[in-house]
Amino acid sequence: MNILVTGGLGFIGSHTCVELIANQHQVVIVDNLVNSKPEVLDRIEKLTGVRPRFYPVDVTDSCALEAVFATHPELDGVIHFAGLKAVGESVEKPIAYYYNNLVSTMVLVDACVTHRVNRIIFSSSATVYGDQPSPYREDMALMKTTNPYGETKAVSERILSDVAGANPTLAVTLLRYFNPVGAHPSGLLGEDPSGIPNNLMPYVSKVARGVLPILKIFGDDYPTPDGTGVRDYIHVVDLAKGHVKAVESDIQGVKVYNLGTGKGISVMEIVNAYAAVNGVEIPYEIAPRRPGDLASYYADAGKARDELGWVASLSLEDMVRDAYRFETSNSHL
């Protein structure tokens with residue numbers, strides 16, 4: 001199939017492009033490079049032997065996106081990654097998050113309807129479940145989200161579901177995933193955010209390499225086994241393969257799937273595994289809890305297993321080993 005990937009040079013988007021090409025799909029990428037780098041396109045080509053068409057387009061720009069759709073009438077579907085994604089930052093900058101994440105979704109789905117591109121895979125998040133007991137299941141009622149980032153995902157889900165209800169030929173897959181970490185095993189692709197990282201693993205990586213002096217662990221008094229926050233960390237390559245399964249599935253209407261391992265791992269477990277597997281020191285200090293953070297959550301991923309044939313297979317050791325390999329070999333990216 002011919003698939004447009006928004007945010008396709010970002011962390012999850014780039015890995016998904018590699019897996020799509022490996023499964024004989026044709027890829028077109030749009031990315032505004034706010035949190036990604038153009039060199040990633042070269043890395044995708046090196047890994048796959050294919051250089052996807054790339055447009056430096058902001059998905060909130062309806063005219064620019066319309067030109068991409070007009071140039072590619074062969075498109076069969078869209079995977080929508082383009083969005084701001086840091087929970088803590090969203091609390092500090094709610095307007096930026098609401099504008100970027102919601103407007104991009106509306107502009108994109110409007111273009112899909114206009115050009116009869118009837119398959120949309122949406123990069124959603126476990127944050128839409130709000131604060132309720134884990135494991136999270138797709139049939140749970142969605143509670144009030146705890147931060148603006150989560151709210152943009154929940155509202156985007158409603159927008160896409162409503163548009164699908166008004167357009168019966170439109171198939172929408174909402175992929176609610178948990179905490180993507182790790183990197184491509186080649187060391188060529190990984191998470192390399194601009195500035196100080198907002199997410200745990202790239203922060204740990206930069207402390208391990210000495211770029212940052214110390215890791216801040218936000219809270220050690222949560223009701224968890226070691227007091228630090230517990231999340232369902234999933235290797236980004238497993239996550240990318242889940243998107244390929246969704247693209248290739250015969251989905252009609254609106255479907256929702258969790259993509260996670262089904263197991264919670266604490267921040268301290270991540271730090272200890274990273275240090276042990278890679279033979280490095282990770283100095284850390286305890287800082288106050290961040291607004292919007294939950295104590296613990298993890299997935300029930302049984303529906304994705306049963307309906308998509310997808311299961312996460314890579315381990316915590318794989319996650320931290322691949323993350324460190326990327327950090328030490330591609331820090332110049």
Side-chain angles (χ1 to χ4, degrees), residues 6-7 10-12 35 59-60 80-109 120-165 172-181 193 198-200 218-219 222-224 228-234 239 242 254-262 264-265 267 288-301 303-304:
T6 73
F11 176 43
I12 305 170
N35 201 26
V59 184
T60 65
H80 183 29
F81 292 110
L84 302 175
K85 64 174 186 175
V87 168
E89 185 182 58
S90 77
V91 176
E92 300 169 0
K93 302 176 180 179
I95 292 176
Y97 272 70
Y98 282 115
Y99 181 85
N100 184 87
N101 293 5
L102 297 183
V103 172
S104 66
T105 297
M106 290 187 285
V107 168
L108 181 64
V109 71
I120 300 177
I121 316 295
F122 177 60
S123 166
S124 193
S125 166
T127 55
V128 302
Y129 289 106
D131 187 1
Q132 52 187 319
S134 292
Y136 292 163
R137 301 185 315 274
E138 293 90 343
D139 59 0
M140 282 180 163
L142 300 189
M143 309 299 288
K144 177 178 173 56
T145 58
T146 60
N147 53 74
Y149 165 74
E151 190 64 16
T152 67
K153 293 298 185 182
V155 173
S156 289
E157 284 196 8
R158 290 195 288 272
I159 291 169
L160 292 166
S161 298
D162 288 345
V163 175
V172 171
T173 307
L174 307 173
L175 297 181
R176 294 173 182 163
Y177 42 82
F178 286 66
N179 288 69
V181 294
N198 285 296
N199 295 326
L200 175 63
F218 296 102
Y222 286 108
T224 62
T228 63
V230 169
R231 302 289 182 264
D232 190 336
Y233 293 95
I234 177 174
L239 188 62
V254 179
K255 290 283 189 178
V256 183
Y257 298 101
N258 288 335
L259 297 185
T261 67
I265 301 172
V267 171
R289 296 183 186 187
R290 292 182 303 185
D293 277 350
L294 299 180
S296 174
Y297 60 83
Y298 56 93
D300 179 334
K303 186 179 178 185

How long is the straight-line distance from CG of N179 back to CD1 of I265, given to the nearest 0.5 Å? 9.5 Å
Pairing residues for F11 by the ring-ring contact (aromatic ring centres under 6.0 Å, His included) criterion, not counting sequence neighbours: H15
Heavy-atom distance under 4.5 Å between the side chains of Y98 and T152, does that happen here? yes
Is there a side-chain contact between L84 and Y99 in this structure, where contact means two heavy atoms from C-beta onward sitting under 4.5 Å apart? no
Not counting sequence neighbours, which residues clear side-chain contact (heavy atoms from CB on, under 4.5 Å) with S156? List them please. L102, T105, F122
Which heavy atom of G7 sits nearest to which heavy atom of F81, and what is that distance? O-CB, 4.2 Å
Heavy-atom pair with the smallest gap, counting every atom of T173 and Y257: CG2-CD1, 3.8 Å
Rounded to the nearest 0.5 Å, the CD1 atom of I234 sits from the CG atom of L239 at a distance of 5.0 Å
Holding to side-chain contact (heavy atoms from CB on, under 4.5 Å), I want the full list of residues that pass it with V163, two or more places apart in sequence or in another chain. V109, V113, I159, N167, L170
Out of curiosity, H80 NE2 to L108 CG, how far, rounded to the nearest 0.5 Å? 5.5 Å
Residue from N100, T6, N101, V103 passing side-chain contact (heavy atoms from CB on, under 4.5 Å) with V59: T6
One should read off an interatomic distance between L142 CG and E157 CD, to the nearest 0.5 angstrom, of 6.5 Å
Can you name the nearest heavy-atom pair linking V172 to L174, along with the distance? CG1-CD2, 3.6 Å
Which salt bridge (Lys or Arg N to Asp or Glu O under 4.0 Å) pairs, counting each pair once, include a residue from residues 80-90, with sequence neighbours left out? K85-E191, E89-K93
Side-chain donor/acceptor pairs under 3.5 Å, residues 128-136, sequence neighbours excluded:
from	atom 1	to	atom 2	distance (Å)
Y129	OH	R137	O	3.4
Y129	OH	R176	NH1	3.2
Y129	OH	N258	OD1	2.7
Y129	OH	N258	ND2	3.4
Q132	NE2	Y129	O	2.6
Q132	NE2	A141	O	3.1
S134	OG	Y298	N	3.0
Y136	OH	G130	O	3.0

Between OG of S90 and OH of Y149, what distance do you get to the nearest 0.5 Å? 9.0 Å
Excluding sequence neighbours, so at least two apart, what forms side-chain contact (heavy atoms from CB on, under 4.5 Å) with F218? K216, A287, R290
Check whether any side-chain heavy atom of I121 lies under 4.5 Å from a side-chain heavy atom of L175, and answer yes or no. yes
Rounded to the nearest 0.5 Å, what separates atom CG in L294 from atom OG1 in T146? 4.5 Å
Just by modelled atom types, is the S123 backbone N or O under 3.5 Å from a matching donor or acceptor in the K153 side chain? yes
Can you find a pair of side-chain heavy atoms, one from E151 and one from P94, that are under 4.5 Å apart? no
Less than 4.5 Å apart, any side-chain heavy atom of V87 and any of D293? yes
Note, P180 side chain near N199 side chain (heavy atom, < 4.5 Å): no
Compare every heavy atom of A299 with every heavy atom of D232, then report the nearest pair and how far apart it is. OD2-N, 3.0 Å
With distance as the sole test, does N147 use its side chain to make a donor-acceptor pair with the main-chain N or O of V91 at under 3.5 Å? no
On a heavy-atom basis, which atom in A154 and which in T145 lie closest, and how many Å separate them? CB-CG2, 4.3 Å
